[in-house]
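Working notes, beginning with the structure itself.
Quick caveat, the model's predicted, so the values are computed rather than measured. So that the names make sense, note that chain A is the first sequence line, chain B the second, and so on, each numbered from 1.
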Number of protein chains: 2
Amino acid sequence: MSKSTINDVARLAGVSIKTVSRVVNRESGVRDATREKVEKAIAELNYWPNQSARDLAASRAHLICLVYDDPSAYKLPSSGYIIRLQEGVLRVCRSLGYELLIHPCNYRNDDVESELKFLIQRARPTGIVLAAPLSNIPKIVRAISATGTPLVRLSPGQKLSKEMVVATNDREFAAEMTCYLASLGHRRIGFITGHPRHKAVGHRFEGYKAGLKASGLTFSEELVAAGDNSFGSGEAAALKLLDRKSRPTAIFAANDDMAVGVLRVADRLGIRVPDELSIAGCDDITLAEQIHPALTTIRQPFAAMAEKATLMLVKGTEESEAPKGTVIVPGALKIRESTGPAPG
Amino acid sequence: MSKSTINDVARLAGVSIKTVSRVVNRESGVRDATREKVEKAIAELNYWPNQSARDLAASRAHLICLVYDDPSAYKLPSSGYIIRLQEGVLRVCRSLGYELLIHPCNYRNDDVESELKFLIQRARPTGIVLAAPLSNIPKIVRAISATGTPLVRLSPGQKLSKEMVVATNDREFAAEMTCYLASLGHRRIGFITGHPRHKAVGHRFEGYKAGLKASGLTFSEELVAAGDNSFGSGEAAALKLLDRKSRPTAIFAANDDMAVGVLRVADRLGIRVPDELSIAGCDDITLAEQIHPALTTIRQPFAAMAEKATLMLVKGTEESEAPKGTVIVPGALKIRESTGPAPG
DNA sequence: ATCAAGGTTGACAACGCTGTCAAAAAGACT
DNA sequence: AGTCTTTTTGACAGCGTTGTCAACCTTGAT
């Protein structure tokens with residue numbers, strides 16, 4: 001292991017440490033010949049700058065903090081979501097020389113706010129990427145904002161704001177899914193709404209209505225059942241929808257967990273999927289692909305969103321003008337086995 | 001946001017910065033009265049030490065690096081595993097003031113070794129927690145060892161070694177599961193082996209045999225089918241086992257993915273679980289609890305293992321004697337719906 | 001009181017780097 | 001060659017902490 005310092009490099013290259021620093025930091029105004037000398041010395045000594053020293057001297061930390069709802073606080077099958085977020089942030093961090101600090105946090109705790117302030121004070125990150133659903137919780141957003149740390153929120157219901165937000169187009173792709181179902185010949189397309197506090201799923205409901213209209217179908221309360229994003233509520237809603245005299249030939253659930261619930265109910269009732277009933281979800285959870293029949297759903301671009309968010313944070317810090325406003329990263333339909341032509 | 005330094009605290013408390021440093025670092029030899037004065041000043045100024053400066057001055061980083069197989073490199077449903085590892089490491093990090101650097105890495109890349117050396121040189125972590133399956137790959141272990149960074153490997157086949165290793169008792173709990181099935185009256189207990197390169201699942205096979213012997217049952221090749229840890233191979237193996245004239249009344253798969261495959265096959269063949277066939281897996285993946293019937297399996301203590309590993313790393317650094325050898329963290333049987341009394 | 005021993009405290013120099021600003025070198029023109 | 005401008009380089013002072021070591025108090029024993 002090398003433990004050579006900038007001094008060693010400077011001595012070997014026959015320049016001052018400042019010049020080495022310039023080369024390392026890719027600053028302009030270094031003659032090519034000099035740069036090469038220094039680079040050779042760096043390579044030879046296997047030198048790598050001491051991050052602590054850099055951060056201290058420049059009084060800035062090369063650190064991005066990703067804050068998300070703690071999955072260990074309760075049985076959450078959402079680990080895939082988190083991994084994808086991490087993936088996106090890491091991609092940017094690696095390429096730009098930042099480090100990633102992950103902070104699962106339980107918003108049900110009374111002291112989340114001080115926990116976050118504590119974290120920020122301790123780590124002094126360059127910026128924070130705040131994942132949903134935390135990004136929708138005012139007290140959390142406020143606690144972070146109060147510290148003055150740059151913050152990018154992920155998909156907090158897409159309402160435009162002056163803060164930095166990265167969202168996806170829930171409304172649009174829900175409409176697209178609805179149109180897709182209609183294009184398969186379905187006329188009675190049911191919808192299962194999600195948890196009222198979860199804004200994104202609200203947008204999907206709107207998208208569903210828009211899709212119906214775009215396909216020349218009329219909206220009917222008859223075809224809507226309420227869920228709360230949970231598997232169980234999906235089952236209950238499915239039971240309700242499928243019990244009706246003229247039952248839907250397709251059911252679009254506001255998220256995959258509920259869609260899987262529908263799938264289970266259909267199985268139990270002996271309704272063949274997709275022959276007799278098409279089922280679509282939203283989120284593309286890991287299970288969606290493993291279940292049988294594989295679930296048609298919408299893949300949320302979590303990694304891409306996180307990547308974008310991190311980029312905004314870094315750009316905002318390194319360049320003078322911090323990017324503001326909402327950036328949309330579109331989701332993509334994943335057509336799999338659970339949807340097919342309308343029966344009859 | 002406070003940006004007070006140790007100087008401000010020292011001035012307010014009327015002591016030298018060194019004394020403040022002593023209080024902050026809980027060093028002995030500070031009079032109680034002094035300590036209290038300082039603590040009051042710290043609280044009042046909302047002071048928190050600058051990590052970069054500390055690390056620089058003490059030339060040590062408060063950093064743990066968790067290296068695991070990159071789940072984004074291929075479709076892995078293993079995100080739950082990673083999340084639990086992170087959880088364990090984070091618990092220790094938080095309580096001991098360390099930070100966690102996560103590093104998913106794809107061992108299929110040719111340049112993993114330089115990638116890791118690069119990472120280590122750049123981040124200079126206190127130590128590295130290396131998760132399976134990476135912990136079983138010699139070139140990776142070697143690359144890290146070569147840097148001299150303290151390393152704890154997670155469950156690399158449990159072979160005793162002089163290095164730091166945290167493993168679980170695959171053999172023992174597989175035996176236990178087998179005995180449990182036998183105790184339910186099963187006499188023909190099938191087993192689906194896992195990927196030959198994955199040592200842990202090999203231990204499970206041994207445990208299965210030991211369990212049979214302990215239960216007074218004889219081992220028969222007839223009851224064993226080979227898999228490769230994948231869902232699909234579980235299905236294939238199940239088909240093979242269930243096709244035989246005197247088919248097993250219970251199937252124990254070396255991992256959950258394959259067990260779920262068995263479940264699906266049973267469903268397709270109209271074999272009721274657990275009435276006609278008991279199925280057990282191993283790992284307690286997220287899906288195990290969500291599937292119907294919920295899968296009896298063995299919960300691997302991933303979080304606890306990671307926690308233990310991190311602790312070893314920190315203790316090894318902070319105390320003079322580094323803990324060596326293998327530490328075993330036992331897994332736990334999770335009896336759920338997919339196992340029941342033997343038919344007849 | 002006086003002194004040694006031990007417990008507390010502080011002065012000051014690192015730690016390895018970056019920011020500032022001035023000095024030196026290199027070009028550009030007479 | 002001389003002067004002015006621009007580019008390139010370096011000296012040096014921090015950044016906020018810890019390690020070292022000497023100086024300072026206490027205490028208890030004489």
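Place B:S16 and B:A58 on DNA chain C by their nearest nucleotides, and B:S16 ends up nearer the 5' end. Nearest-nucleotide mapping onto DNA chain C: of A:K18 and B:G14, the residue sitting toward the 5' end is B:G14.
One atom, CD of A:Q51, and another, P of C:dC17, lie 10 Å apart when rounded to the nearest Å. Between B:L45 atom CG and D:dG16 atom C1' there is a gap of 15 Å when expressed in whole angstrom units. With rounding to whole Å, B:I42 atom CD1 is found 13 Å from D:dT17 atom C1'. Between the P atom of C:dC17 and the CZ atom of A:R54 lies a distance of 9 Å, rounded to the nearest Å. Between B:I17 atom CD1 and C:dC12 atom P there is a gap of 11 Å when expressed in whole angstrom units. Note: CG (A:N50) to P (C:dA14) measures 17 Å, nearest angstrom. In this structure, the CD1 atom of A:I6 is 15 Å from the P atom of D:dT9, given to the nearest Å. When the P atom of C:dG19 is taken as reference, atom CG of A:D55 falls 11 Å away, rounded to whole Å.
A donor and an acceptor atom never sit less than 3.5 Å apart when one is taken from the side chain of B:R22 and the other from the base of D:dG19.
Checked for salt-bridge contact, A:E87 and A:R91 meet the test: a charged N lies under 4.0 Å from a carboxylate O. Salt bridge status for B:D110 with B:K139: absent, with no side-chain N to carboxylate O gap under 4.0 Å. Between A:K117 and A:D111 there is no salt bridge, since no side-chain N of the basic residue sits under 4.0 Å from a carboxylate O of the acidic one.
Between the side chains of B:Q300 and B:Y81, no donor-acceptor pair is found at a separation under 3.5 Å.
The stretch residues 23-41 of chain A touches DNA chain D through A:G29, A:V30, A:R31, A:T34, each having a heavy atom under 4.0 angstrom from the strand.
Listed pair B:S21 / D:dT18 meets the phosphate criterion, a side-chain N or O lying under 4.0 Å from OP1 or OP2.
Between the CD atom of B:Q51 and the CD atom of B:E99 there is a distance of 6.0 Å, given to the nearest 0.5 Å. Remark: B:L134 CG to B:R153 CZ distance equals 11.5 Å, nearest 0.5 Å. Within the model, atoms CG of A:L101 and CD1 of A:I64 stand 10.5 Å from one another, a figure rounded to the nearest 0.5 Å.
Here the nucleotide nearest the side chain of B:T5, chosen from C:dT18, C:dC12, D:dG16, is D:dG16. Nearest to the side chain of A:V15, among D:dC15, D:dG10, D:dT17, sits D:dG10.
For the residue pair A:R124 and B:W48, the shortest heavy atom distance occurs at NH2-O, 3.3 Å. In terms of heavy-atom proximity, B:R35 sits nearest to B:V30 at NH2-O, 3.6 Å. In plain terms, the two heavy atoms of A:C65 and A:H103 that are nearest each other are SG-CB, 4.3 Å.
Fit an axis to the five pairs at each end of the helix from C:dA1-D:dT30 to C:dT30-D:dA1 and the two axes sit 40° apart, to the nearest 10 degrees.
Contacts of B:T19 with the nucleic acid, taken as non-hydrogen atoms under 4.0 Å apart, involve only primed sugar atoms and P, OP1 or OP2.
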